[in-house]
Amino acid sequence: MSSPLRLGIAGLGTVGIGVVKIVQKHADLLGKRSGREITITAVSARDQRKNRDADLSSYRWESDPMAVATADDVDVYVELIGGDSGIAKDSIEAALRSGKDVITANKALLATHGQELAELSESLGRLIRFEAAVAGGIPIIKAMTEAMAGNSVNRVMGVMNGTCNYILTRMESAGLPYEAVFEEARQLGYLEADPTLDVGGIDASHKLAILSSIAFGTQVNFDAVEIEGIERVSIDDIRRAADMGYRIKLLGVAQMTARGLEQRMSPCLVPADSPLGQLAGGTNMVVVEGDSVGQIVLRGAGAGEGPTASAVISDIVDVARGVRLPMFGQPAGTLTPAKAARTAVPAAYYMRLELQDKPGALAKVASVLGDAGISIDRMRQYGQHSDTSVPVLVVTHRTTPDAIDYAVEALPKTGVLVGEPVELRIEEV
């Protein structure tokens, strides 16, 4: 057996401790599978006194992650600090320049500085691997860079934030409003310190930007992702969607079109009987469509100590085996700057309107939709919310986002709406 592969781990939160536990528990198994003993020599975190439910006594403690990143007795630097800049980025660059390979779960950093880091690592002959950065324990990076290497990808989409999926499915199953389930998720510790990263769709958009780069051979462009969170989704939307055979998911979709690369993260309706529609709780799912393999679906735990640490370990084993692959599946110099394209692919839309209960209100709505070139597939009027207003649900035939935008802007000007209209795309999956 070759000499041991020595790890230095910076960041001992949930994932970092999970990695330590797997290395300790499965040391013999990892050695057999990788052909090398895998050991930990140094660790770093902010508070050495914190109880982490793991024995760290045999590892050298460094208060500064840079000391781990540049240590002579570390072969692989495992960055689990987080953040799109600062010490996470600085220490990764220092590790690469010190001749080390890097493993990270830092989606925000990769979505923001992925191209820069890919070019640096390749220029130094080092690796950056990041299976844990997207969809927790689901091996989507390996699937796309290796198993699907012979495919031209048509579309990649998925539910990539477990917290949002928990909130939406809990609203449906318990009949609770968004605000109540949001607070429940906070109490359970499911939300980030800044909840907007979850419910605002930012966390999931980081992941989508990374997958887009791999899928289409483009430079990561997080700024081009169209992002809408789940804050506007009401319990009424959940119920009305279910009435029509749909469920609402925070869905990321990326596809290359003649106009450029579309990347969008937004709440969408999907068929309730589809794999995405049946996805419950904190589970993630990624769907990739290749020209040769067709559609593949990967489903699993999207977060947590064990699943995410398992993804980190898979990268460690690949490094130990001597697997050397470009960061995004092809050399950084061949990744092209993608022309960003606003979503224009036609789709059916769900629209929820609160109308004043007076004659001619529906006629004015129909007139606006007609002016926008939108034809109505279904329209339902529900019981009154109050003495003066009535909820109305419209499902359109396939139309363009531009047409929907025109209608959403024009409808309040009719004088028959109470509040703002809500529109959600119905995605074909």
Side-chain angles (χ1 to χ4, degrees), residues 154-159 168 172 226 228 230 232-234 236-260 262-278 287 289 295 341-356 360-383 389-429:
N154 304 318
R155 181 170 66 159
V156 58
M157 60 184 169
V159 171
L168 293 172
E172 180 180 10
E226 299 175 58
E228 179 186 349
I230 64 171
R232 289 197 307 150
V233 177
S234 73
D236 286 336
D237 294 321
I238 299 281
R239 289 169 175 158
R240 305 314 182 215
D243 286 348
M244 298 183 297
Y246 293 100
R247 288 198 171 97
I248 299 176
K249 301 293 179 185
L250 181 66
L251 189 65
V253 181
Q255 55 193 355
M256 186 65 73
T257 71
R259 297 168 294 98
E262 292 186 5
Q263 300 179 91
R264 61 181 179 273
M265 181 66 61
S266 61
C268 295
L269 275 67
V270 298
D273 59 357
S274 68
L276 283 166
Q278 295 175 32
V287 180
E289 298 171 354
Q295 186 181 88
R342 184 181 182 276
T343 300
V345 174
Y349 280 81
Y350 159 103
M351 302 184 75
R352 175 169 54 85
L353 312 171
E354 188 78 14
L355 300 186
Q356 294 179 14
L362 278 175
K364 289 185 178 181
V365 169
S367 176
V368 167
L369 296 180
D371 290 344
I374 298 171
S375 62
I376 298 172
D377 179 25
R378 284 175 277 175
M379 179 181 288
R380 293 186 185 179
Q381 180 174 315
Y382 290 86
S389 67
V390 178
V392 173
L393 178 68
V394 175
V395 176
T396 76
H397 286 290
R398 284 167 59 86
T399 187
T400 65
D402 284 344
I404 290 292
D405 288 348
Y406 172 88
V408 168
E409 184 177 346
L411 281 167
K413 299 175 183 177
T414 62
V416 300
L417 263 66
V418 177
E420 296 294 317
V422 172
E423 81 290 346
L424 298 172
R425 185 180 176 94
I426 301 176
E427 196 69 45
E428 297 179 3
V429 299

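Positions are given from 1 along the sequence.
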Colleague: Taking salt bridge (Lys or Arg N to Asp or Glu O under 4.0 Å) as the criterion, tell me which of Arg155, Arg398, Lys249, Arg247 meets it with Glu427.
Modeller: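 Considering Arg155, Arg398, Lys249, Arg247, a salt bridge (Lys or Arg N to Asp or Glu O under 4.0 Å) with Glu427 is found only for Arg155.
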
Colleague: Output the distance between atom CG (Leu250) and atom SG (Cys268), rounded to the nearest 0.5 Å.
Modeller: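 These two atoms lie 8.0 Å from each other.
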
Colleague: Rounded at 0.5 Å granularity, tell me how far CG in Leu424 sits from CD1 in Ile404.
Modeller: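 Going from the CG atom of Leu424 to the CD1 atom of Ile404 covers 10.5 Å.
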
Colleague: So, taking the atom named CZ in Arg425 and the one named CG in Leu251, what distance separates them when rounded to the nearest 0.5 Å?
Modeller: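 Here the rounded value is 9.5 Å.
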
Colleague: Step by step, work out the side-chain contact (heavy atoms from CB on, under 4.5 Å) result for Ile374 and Tyr406.
Modeller: CA-CA 10 Å; Ile374 298 171; Tyr406 172 88; over 6 Å; no

Colleague: Give, for atom CE of Met157 and atom CE of Met265, the distance between the pair rounded to the nearest 0.5 Å.
Modeller: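 Answer for the CE-CE pair, Met157 versus Met265, is 12.5 Å.
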
Colleague: So, for Ile248 and Pro267, which heavy atoms are closest and what is the spacing to 0.1 Å?
Modeller: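 Taking Ile248 first and Pro267 second, the nearest heavy atoms are CG2-CB, 4.2 Å.
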
Colleague: What residues form a salt bridge (charged side-chain N to carboxylate O under 4.0 Å, His left out) with Arg378, not counting sequence neighbours?
Modeller: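 Testing Arg378 for salt bridge (charged side-chain N to carboxylate O under 4.0 Å, His left out), a comparison that skips the adjacent residues, returns none.
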
Colleague: Could you tell me if the side chain of Met351 sits less than 4.5 Å from the side chain of Leu411, heavy atoms only?
Modeller: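 Contact flag for Leu411/Met351 side chains = yes.
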
Colleague: Specify the closest pair of heavy atoms between Thr343 and Glu226, including all atoms of both residues, with the distance to one decimal.
Modeller: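 For Thr343 and Glu226, the tightest heavy-atom pair comes out as N-OE2, 2.7 Å.
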
Colleague: State, to 0.1 Å, how close Leu355 and Val418 come at their nearest heavy-atom pair, and which atoms those are.
Modeller: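 Result for this residue pair: C-CG2, 4.4 Å.
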
Colleague: Can you give me the closest heavy-atom contact between Asp236 and Tyr350, atom names plus distance?
Modeller: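 What the structure gives for the nearest pair is O-OH, 4.3 Å.
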
Colleague: Is the shortest side-chain N to carboxylate O distance from Arg232 to Asp237 below 4.0 Å?
Modeller: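 No.
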
Colleague: Show your reasoning for whether side-chain contact (heavy atoms from CB on, under 4.5 Å) applies to Arg380 and Met244.
Modeller: CA-CA 10 Å; Arg380 293 186 185 179; Met244 298 183 297; 4.2 Å; yes

Colleague: Considering residues at least two apart in sequence or located in another chain, which fulfil the side chain to side chain donor-acceptor pair (under 3.5 Å) criterion with Asp377?
Modeller: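 Once residues adjacent in sequence are excluded, Asp377 has no partner under the side chain to side chain donor-acceptor pair (under 3.5 Å) criterion.
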
Colleague: Would you indicate whether Gln295, at its atom CD, is surrounded by more than 12 heavy atoms from other residues, nucleotides or ligands within a distance under 6.0 Å?
Modeller: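 Check passes, neighbour count above 12.
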
Colleague: Would you say Glu354 and Pro391 make side-chain contact, with heavy atoms under 4.5 Å?
Modeller: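 Counting from C-beta outward, Glu354 and Pro391 do come under 4.5 Å.
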
Colleague: Apply salt bridge (charged side-chain N to carboxylate O under 4.0 Å, His left out) to Glu262 and list each qualifying residue two or more places apart in sequence or on a separate chain.
Modeller: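 Only Arg259, Arg264 meet the salt bridge (charged side-chain N to carboxylate O under 4.0 Å, His left out) criterion with Glu262.
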
Colleague: Measure across Leu369 and Ala407 and return the closest heavy-atom pair with its distance rounded to 0.1 Å.
Modeller: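 The answer is CD2-CB, 3.9 Å.
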
Colleague: Shortest non-hydrogen contact from Gly415 to Gln356?
Modeller: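 Gly415 and Gln356 have their closest heavy atoms at O-NE2, 3.2 Å.
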
Colleague: With a cut-off of 6.0 Å (strictly less than), are more than 12 heavy atoms of other residues, nucleotides or ligands near CD of Gln278?
Modeller: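 Yes, because the 6.0 Å sphere around CD of Gln278 holds more than 12 heavy atoms from other groups.
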
Colleague: Would you mind reporting whether Val365 and Thr414 have side-chain heavy atoms less than 4.5 Å apart?
Modeller: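 Thr414 vs Val365: side chains apart.
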
Colleague: Less than 4.5 Å apart, side chain to side chain, heavy atoms only: is that true for Gln255 and Asn154?
Modeller: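 No, too far: nothing below the 4.5 Å cut-off.
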
Colleague: Does the side-chain contact (heavy atoms from CB on, under 4.5 Å) test come out yes or no for Val368 and Lys413, once each step is laid out?
Modeller: CA-CA 10 Å; Val368 167; Lys413 299 175 183 177; over 6 Å; no

Colleague: Set out, in order, the CA-CA distance, both residues' side-chain angles and the distance that settles side-chain contact (heavy atoms from CB on, under 4.5 Å) for Glu423 and Thr396, then state yes or no.
Modeller: CA-CA 10 Å; Glu423 81 290 346; Thr396 76; over 6 Å; no

